[in-house]
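What follows is a single structure, written as structure tokens, with notes after it.
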Amino acid sequence: MIQPQSVGAVVPQRAHFAEPLPLRSGDALPEYELVYETYGELNAARSNAVLVCHALSGSHHVAGHYADDPANVGWWDNLVGPGKPLDTRKFFVIGVNNLGGCYGTTGPAAINPASGKPWGADFPFVTVEDWVAAQARLADRLGIERFAAVVGGSLGGMQALSWALQYPERIAHAVLVASAPRLTAQNIAFNEVARQAILTDPDFHGGHYYEHGVVPARGLKLARMLGHITYLSDDAMADKFGRTLRHGKAVYSYDVEFEIESYLRYQGDKFAGFFDANTYLLTTKALDYFDPAFEHGGILRAALARATADFLVVSFSTDWRFSPARSREIVYSLLHNRRNVSYAEIESDAGHDSFLLDDAHYHGLLAAYFDRIKV
Amino acid sequence: MAYRYDYEVITKWISPGERVLDLGCGDGSLLRHLAEVRQVQGYGVENDADKLLTCIRNGVNVIQMDMEKGLAGLEDGFFDHVIMSLSLQAMHNTQGILAEMLRVGREAVVSFPNFGYWRHRQSILNGHMPVSESLPHQWFNTPNVRFFTIADFDALCAMNGIVVRERLAFDESRLIEEEPNFLASVAVYRLGRPD
């Protein structure tokens, strides 16, 4: 045993793909670049690779920090590193920024070769399946025939599930955390409100705001504020903010009075300062479209018949955006298909955000599961 | 890992390659044993966080579920055998879980400590709740919530139309054929639905 450590300073890498990527929508992406990071060493048998898939606002920067920006720590740094649950002494871990992203991978802010201008709203719709197909091409490029595991939380878990269905022979284990086999109507409804906030911002300019030198920051801020409400639990919000008033009493103003207002505005502003609104729109649509059961009459058991991987499914008791019931649907459908599957429902008061925290029991389970994976 | 003598009996009732569900699977040792000697496709059900973790460490499939609420989500007749080893006495919803076991399984296997065992009766006669190898806890820290005998369980099966296909009773590891309700500390049942 060693003390858990950081992977240290990391450097993002780029891979260019000249061959067009056919997309589920019927469209195609003529050429594209993927930005990715890797941690640990690929072994001689090329059998120890683990792909970590990111969620709505995540990126390829999963672990470690940048030499010139030490405060920029990867979004799942508590999971990945020497001595951490996903131990980089054993595994070669890869993080990829998905297509349509805004962290360097080809997305709406990139130049559309056909017009010489930023893609903007003309960037084709990308789905979870398209992301997985692009990730598979990166795996080919890196010489990885089969992943020891594909891991993801939330939307990242959907990618891990999709891997098991699109490339069953290329994945030994799938780890799905706080995920779902498809969004519910309520969940799509939240996404739609977020999109409307962006689409109706006067600075949106039909998605071509780059050319106008503005960004729809108000819409993006509202979208993020709404998102944050749904990522937290009622109890967590009550614990953290309660009804605490900034001035100790009501001052009858629309400025910040309750601390929860301050928190949401701060998170919204921060997010709108760096994230791309078109990426937000595309990504929420990818979430909404994901439904592997759709082509099987809505029957998830039939859709999962293709999977051959072993599964670990994890949910959190207070997560109402990706509730335990959604995870159980996956578990029972895998059971029907006689797959090896384990399922844990972690007691947590932090809602959907729990999957990013390092609760001892949660991380203990992941560590135990990864420890048993043979490479 | 724990290994209990009722495992021997249970193993004899399981055919190679069966689908097996173990309710209250603990550290997963029975499932692991059955995977080794019977190549079963096994799944455990557990609701204790630490035991769940141990199952994962032991490489046993385990599903977190509160059995008191039944086995909703599991399909009718999916399993060849549904096992509950020395856990029935720790559940409130006795009749509910027996019905669920025979819904999702072709047969159910249940073992439990016999409160009618002569040493337990002696203990009560002496004025104290029994503490023994099969009832290792004190009254104030026992996980057991249902206290019943072999005769009681037979009566419950008869009342609920559950068919007792086989019953073996033991005094620790020794097979008891005569007067099991008095002489046996543990009983293992193979249960089915009426044909």
Side-chain angles (χ1 to χ4, degrees), chain A residues 85 149 172-178 181 299-302 304-305 308-317 319 323-348 354 359-374, chain B residues 1 16-29 31-32 34-36 38-82 100 103-106:
Chain A
H173 295 265
V175 178
L176 280 50
V177 184
I299 299 166
L300 188 61
R301 293 185 307 204
L304 300 197
T308 56
D310 291 354
F311 284 77
L312 174 66
V313 181
V314 179
S315 71
F316 298 93
S317 58
D319 184 351
S323 72
R326 301 276 81 76
S327 284
R328 274 187 239 119
E329 278 183 54
I330 298 174
V331 171
Y332 294 136
S333 298
L334 290 169
L335 203 64
H336 172 84
N337 287 298
R338 307 185 66 164
R339 296 271 53 84
N340 283 318
V341 53
S342 285
Y343 169 63
E345 204 169 298
I346 312 285
E347 282 296 325
S348 162
S354 302
D359 171 83
H361 176 54
Y362 163 46
H363 269 200
L365 274 177
L366 291 184
Y369 192 82
F370 287 128
D371 189 51
R372 283 196 62 87
I373 294 180
K374 293 191 180 72
Chain B
M1 294 215 291
E18 281 193 1
R19 266 183 261 188
V20 172
L21 184 69
D22 184 7
L23 301 178
C25 65
D27 63 5
S29 51
L31 283 173
R32 202 156 140 157
L34 291 174
E36 278 163 19
R38 289 288 185 271
Q39 295 77 45
V40 299
Q41 171 112 41
Y43 298 89
V45 168
E46 191 46 75
N47 202 26
D48 177 275
D50 293 327
K51 289 175 179 165
L52 203 86
L53 176 61
T54 313
C55 286
I56 301 278
R57 286 209 180 106
N58 286 330
V60 169
N61 291 321
V62 61
I63 311 291
Q64 186 162 4
M65 209 189 288
D66 178 5
M67 293 184 293
E68 294 284 6
K69 294 179 183 155
L71 304 174
L74 300 180
E75 294 165 68
D76 292 1
F78 186 75
F79 294 97
D80 297 299
H81 280 99
V82 181
E100 279 288 81
R103 176 181 70 79
V104 304
R106 187 168 52 78

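Nothing here was measured: the structure is a model prediction, and the numbers come from that model. Residue numbers begin at 1 in each chain, while the letters A, B, ... track the order of the sequences.
- The NE2 atom of A/His361 lies 4.0 Å from the CD1 atom of A/Ile346; values are rounded to the nearest 0.5 Å.
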Checklist entry - After noting the C-alpha distance and the side-chain angles of B/Asp80 and B/Arg106, does the key distance pass the salt bridge (charged side-chain N to carboxylate O under 4.0 Å, His left out) rule? => result CA-CA 5 Å; B/Asp80 297 299; B/Arg106 187 168 52 78; 3.8 Å; yes

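- To the nearest 0.5 Å, atom OH of residue A/Tyr343 and atom OG of residue A/Ser315 are 2.5 Å apart.
- In this structure, CG on B/Leu34 lies 9.0 Å from CD on B/Glu18, to the nearest 0.5 angstrom.
- Residues that satisfy the ring-ring contact (aromatic ring centres under 6.0 Å, His included) test with B/Phe78, not counting sequence neighbours, are absent from this structure.
- Interface residue A/Val331: only side-chain heavy atoms are found under 4.5 Å from chain B.
- The residue among B/Ile63, B/Asp50, B/Val60 with the most heavy atom pairs within less than 4.5 Å of chain A is B/Ile63.
- The line from CD of A/Glu347 to OH of A/Tyr362 is 15.5 Å long, rounded to the nearest 0.5 Å.
- Listed options A/Pro324, A/Ser342, A/Ala344 were ranked by heavy-atom pairs under 4.5 angstrom with chain B; first place goes to A/Ser342.
- Note that the CD atom of B/Gln41 and the CG atom of B/Leu31 stand 11.0 Å from one another [nearest 0.5 Å].
- With a 4.5 angstrom heavy-atom cutoff, A/Asn340 touches chain B via backbone and side-chain atoms both.
- Put simply, CG on B/Asp48 and SG on B/Cys25 are 10.0 Å apart, with the number rounded to the nearest 0.5 Å.
- Donor-acceptor pairing under 3.5 Å is recorded for the side chains of A/Ser354 and A/Ser348.
- The contact between A/Arg339 and chain B is made entirely by backbone atoms, counting heavy-atom distances below 4.5 Å.
- Contacts of residues 69-76 of chain B with chain A at a heavy-atom distance below 4.5 Å involve B/Ala72, B/Gly73, B/Leu74, B/Glu75, listed in sequence order.
- Neither the backbone nor the side chain of A/Arg328 comes within contact range of chain B; no heavy atoms are under 4.5 Å apart.
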